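These notes are about the structure you will find just below.
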Amino acid sequence: MERGIISVDRWSEGSQLYFLTHLHADHTVGLSPRWKKGPVYCSHISARLFHHKFPGFDTSLIRTLQIGQWHSLSLQTKVEVMAIEANHCPGAVMYLFRGEFGVTLYTGDFRWEVASEITQMGKNMIANALKNDKVDILYIDNTYCNPSYSFPSREVAAQQVVNIINSYPEHDIIIGIDTLGKEDLLLYISKMLKIKIWVWPERLQTMHLLGLHDNFTTKTTLTRVRAVPRYSFSVETLEGLNAMRPTIGIMPSGLPWKLKKVGRKDNSCSLSSLKTETDNDLHMNMRNRYTNNIEKHHQYIYTVPYSDHSCFSEIVEFVKFLCPNNIKGIVSSSLSYVDPCYHLHNIYGTSSLCQKHVIKEEKARVEGECKFTLVCDSSTEVKYKRKRIRQSRQYGACLRKTRVSLLRRFNRGAKLTTEDCSDE
DNA sequence: GCGATCAGAT
DNA sequence: CACATCTGATCGC
């Protein structure tokens with residue numbers, strides 16, 4: 001009854017089959033080179049990148065899925081799965097499951113750019129796959145499921161980046177990226193400016209695995225544009241670089257890039273004003289940000305709303321398209337988390353679905369922990385998490401941070417169980 | 001000493 | 001606000 005059958009982006013507990021949406025680190029916590037709990041399903045591209053991320057991984061456990069095709073899974077009960085392009089990062093897919101339990105769609109992280117060809121293809125695939133069926137449970141990437149998040153297509157944002165670079169013809173440029181993703185942005189820059197982009201050696205290997213051989217280099221002398229790990233992208237970095245050469249930093253992200261207080265004695269720039277902003281100020285910044293699209297946060301730093309997650313209006317479009325019976329968010333990491341349906345009530349009007357979720361949301365606010373039940377059904381883990389939360393509560397001001405990091409780790413991913421399938 | 005897990009940072 | 005990632009501390013073996 002409680003036994004896990006299918007896990008998506010969830011690796012810590014027992015299951016019969018495991019599915020990976022994409023290879024970003026927060027979706028692979030618990031996966032390791034010595035993995036042997038069971039077969040791992042993923043896209044061809046993820047499979048190609050697998051050994052780079054997990055050297056020595058037992059290849060016989062990897063099962064690749066053709067995108068847009070139903071695959072039968074060998075389980076006691078008949079279950080089929082289809083992978084659909086998620087338009088998030090290379091190899092990222094959504095999973096559509098069909099079985100006795102009905103139809104479940106797990107988006108993983110996804111971008112639903114309505115005008116893009118990939119999205120249109122995905123839409124057709126889903127429509128053809130569903131025929132007259134309806135999605136019973138939609139697990140959705142609700143990272144930006146709030147009306148205040150609105151950004152342009154990545155094509156538009158990429159042009160904004162190029163414009164910034166062109167406006168600094170004599171400057172070096174650094175762009176913050178992750179270990180995977182934003183390749184299209186870099187390619188666009190490379191083609192428009194007819195220059196190579198510097199990346200760090202590991203990242204060049206990834207580029208090669210993705211079949212990108214001509215636009216990237218690890219030789220600094222060849223280019224003034226460098227893509228650097230996002231975590232190394234900071235005010236200090238930029239100030240340090242500017243001590244040597246004029247350099248501009250560009251952060252492509254759906255999130256406003258926020259300055260952190262500098263833990264040193266110098267307060268030469270107005271960092272503190274941003275640090276102490278209230279919620280109202282924050283919303284003001286958000287409005288400004290999205291009317292102007294580009295924001296200069298600092299003497300040397302721009303953020304451009306180039307996002308690999310769907311913005312609110314795209315989430316709305318997606319939900320309207322599917323009209324699922326039930327929606328669950330896969331990201332429940334912040335204190336401001338609300339069930340996706342809370343902001344989607346206009347689609348459903350006063351339907352019972354909406355009511356149910358508003359109640360859930362209310363309960364969540366009261367109990368503080370209701371959201372665990374969205375994706376977690378292992379009672380031991382719930383207890384464990386509650387214990388941790390209780391401990392962290394005692395630290396008052398530390399609570400926010402502690403909860404955020406704890407919740408982040410636990411609340412990505414889902415497990416389908418017979419229990420999950422039969423009720424709700 | 002090693003891997004897994006966690007806290008805290010960017 | 002919370003993206004994805006890394007470093008360093010701690011725990012169990």
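Note that this is a predicted model, so its numbers are computed, not measured. Lettering of chains follows the sequences in order, A, B, ..., and the numbering in each one begins at 1.
The distance between atom NE2 of A:H22 and atom P of C:dC3, rounded to the nearest whole Å, is 11 Å. Rounded to a whole Å, the CZ atom of A:F110 is 15 Å from the P atom of C:dC3. Between the CG atom of A:L255 and the C1' atom of B:dT10 there is a distance of 13 Å, rounded to whole Å. Distance CZ (A:R230) to C1' (C:dC6): 12 Å, rounded to an integer number of Å. A:W35 has its CH2 atom 18 Å from the P atom of B:dG3, to the nearest Å. The distance from atom CD of A:E236 to atom C1' of B:dT10 is 9 Å, rounded to the nearest whole Å. Atom CD of A:E183 and atom P of C:dA4 are 14 Å apart (whole Å). Regarding A:F54, its CZ atom lies at a distance of 14 Å from the P atom of B:dG3, rounded to whole Å.
Among C:dC3, C:dC1, C:dA4, the nucleotide with an atom closest to any side-chain atom of A:Y149 is C:dC1. The A:Y231 side chain lies nearest to C:dC6 when the options are C:dC6, C:dA4, C:dC3.
Using a 4.0 Å heavy-atom cutoff across all strands shown, A:S32 reaches sugar-phosphate atoms only and no base atom. At a threshold of 4.0 angstrom between heavy atoms, the contacts of A:T179 are confined to the sugar-phosphate backbone, with no base atom among them.
Under 4.0 angstrom from either OP1 or OP2 of C:dA4 there lies at least one side-chain N or O belonging to A:H309. Taking 4.0 angstrom as the limit, A:R34 places a side-chain polar atom (N or O) nearer than this to OP1 or OP2 of B:dA4.
Here A:R203 pairs with A:E183 under the salt bridge (Lys or Arg N to Asp or Glu O under 4.0 Å) rule; sequence neighbours left out. Residues that satisfy the side chain to side chain contact (heavy atoms under 4.5 Å, CB included) test with A:M121, not counting sequence neighbours, are A:M125.
For the residue pair A:Y302 / A:Y168, a side-chain donor-acceptor distance below 3.5 Å is found, with atom types taken as modelled.
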- request: Take A:F19 and A:Y41 through the ring pair (Phe, Tyr, Trp, His ring centres under 6.0 Å) test and state the conclusion after the steps.
  value: CA-CA 5 Å; A:F19 289 79; A:Y41 289 78; 4.7 Å; yes
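A centroid separation of less than 6.0 Å is found between the aromatic rings of A:F50 and A:F57.
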